[in-house]
Amino acid sequence: MATAQRPVAPTTHRGVQPLRAGQGNSFLLRKLHSLSGIVPIGAFLIEHLISNFEALKGPAAYAAQVKFLNGLPFVRVLEWVFIFIPLAYHALYGVYIWARGKSNVIYYPWSGNWMYMMQRWTGLIAFAYIVQHVWRQRFSGVNLPEHPGAAFHKVQMELSHPWMLAVYAIAMIATCWHFSYGVWLFAAKWGITPGDKARRRFGFVCAALGVLLTVIGLASLYAFVGPMYKNAPADLSPAQIEQGSMAPAPAGAQVPASN
């Protein structure tokens, strides 16, 4: 006598699906999106956090770092080619992927769906924060490329508002989480960490990286709002920056006016 067969339950595959060939332009765009999150955007994030960490040494050291970065050859070209354009592409195409994608319990376990969601939301938070940060610090108020001595004070004034400090802290955590998990995804999808065991081990490395970057970022924020350099000078003269001193500027030194 024939017996009814039970339907076979779908198999839940662990891990992350690799980037597959044969998907035309979508495949290339996704590869570029994945790569741009590491180079140059991820490299710039690490550099930016390390540069901001100079704030712990005081306004003069921070101003010297700002002056150094703005004195690099072809710095404005580098700024657009390696920061603004890749960032815009990574963010906008990421939103496009998010709008077309959805969680998938067939290929991802519950934790994978949760991480997928968190990666999208932290990316959105990071992008919104970066847009306002670049606008306020780079394109409005005191022109820091021309007045690097005003850099510490400008950031300090912005963070003097408790709500803005909270925005910076939340965005710092979200950005570092997004990048560290993005490194894990990059290694998994590009076949650098094949197998669950390799991915699990690399996951600890990425988690440690995320914690380290977050600590560096939050420590930098504390340098601006803590008691160490409270009420920093509105501007430092070139001599003060060169000497690494906050001694009063010579008589007649000009303080840049806000736009």
Side-chain angles (χ1 to χ4, degrees), residues 32-91 94 119 122-123 125-139 142-156 158-159 167-187 205-224 229 241 244:
L32 182 59
H33 176 263
S34 177
L35 181 61
S36 65
I38 307 300
V39 179
I41 298 173
F44 170 71
L45 171 64
I46 294 175
E47 181 281 320
H48 192 61
L49 290 173
I50 293 175
S51 293
N52 285 343
F53 200 65
E54 288 292 304
L56 289 169
K57 299 179 183 179
Y62 186 68
Q65 184 68 12
V66 173
K67 181 180 179 181
F68 166 74
L69 292 175
N70 283 280
L72 293 175
F74 308 106
V75 63
R76 298 300 159 241
V77 176
L78 296 175
E79 194 174 55
W80 281 96
V81 174
F82 293 103
I83 300 175
F84 295 150
I85 294 177
L87 181 61
Y89 168 76
H90 186 81
Q119 184 69 351
T122 54
I125 293 172
F127 182 60
Y129 159 73
I130 291 170
V131 169
Q132 72 83 29
H133 176 68
V134 170
W135 173 255
R136 293 170 69 94
Q137 292 296 319
R138 177 67 179 82
F139 296 108
V142 179
N143 188 350
L144 297 185
E146 296 181 2
H147 300 281
F152 192 98
H153 182 264
K154 187 175 184 179
V155 178
Q156 190 175 67
E158 183 170 8
L159 296 180
V167 167
Y168 267 64
I170 293 172
M172 185 68 67
I173 295 171
T175 302
C176 294
W177 194 98
H178 185 83
F179 172 67
S180 59
Y181 184 59
V183 172
W184 185 88
L185 283 175
F186 176 83
V205 175
C206 293
L209 174 65
V211 171
L212 176 62
L213 294 179
T214 301
V215 169
I216 292 175
L218 294 180
S220 301
L221 293 182
Y222 178 74
F224 293 105
Y229 308 109
I241 298 174

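- For Lys154 (side chain) and Arg136 (main-chain N/O), a donor-acceptor pair under 3.5 Å exists by modelled atom type.
- Side-chain contact between Leu213 and Ser180: absent, with no pair of heavy atoms (C-beta onward) separated by less than 4.5 Å.
- Counting heavy atoms from C-beta on, the side chains of Leu218 and Leu221 come closer than 4.5 Å.
- In this structure, the side chains of Val183 and Phe179 come closer than 4.5 Å at one or more pairs of heavy atoms.
- Between the side chains of Tyr168 and Glu158, a donor-acceptor pair is found at a separation under 3.5 Å.
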Evaluation steps, side chain to side chain contact (heavy atoms under 4.5 Å, CB included), between His153 and Val142 = CA-CA 10 Å; His153 182 264; Val142 179; over 6 Å; no

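- Taking 4.5 Å as the limit, every side-chain heavy atom of His178 sits out of range of all side-chain heavy atoms of Tyr181.
- The aromatic rings of Tyr89 and His33 sit perpendicular to each other, their planes meeting at more than 60°, with 30° as the lower class boundary.
- At a threshold of 4.5 Å between non-hydrogen side-chain atoms, the residues Phe186 and Leu35 count as touching.
- Around the OH atom of Tyr129, the shell of radius 6.0 Å holds more than 12 heavy atoms that belong to other residues, nucleotides or ligands.
- Put simply, the side chain of Phe68 reaches to within 4.5 Å of the side chain of Leu72, judged on heavy atoms.
- The distance from the CD atom of Gln156 to the OH atom of Tyr62 is 11.5 Å, given to the nearest 0.5 Å.
- Using modelled atom types, one side-chain atom of Tyr229 and one backbone atom of Leu56 make a donor-acceptor pair closer than 3.5 Å.
- Side-chain contact between Arg76 and Pro145 is present, with at least one heavy-atom pair separated by less than 4.5 Å.
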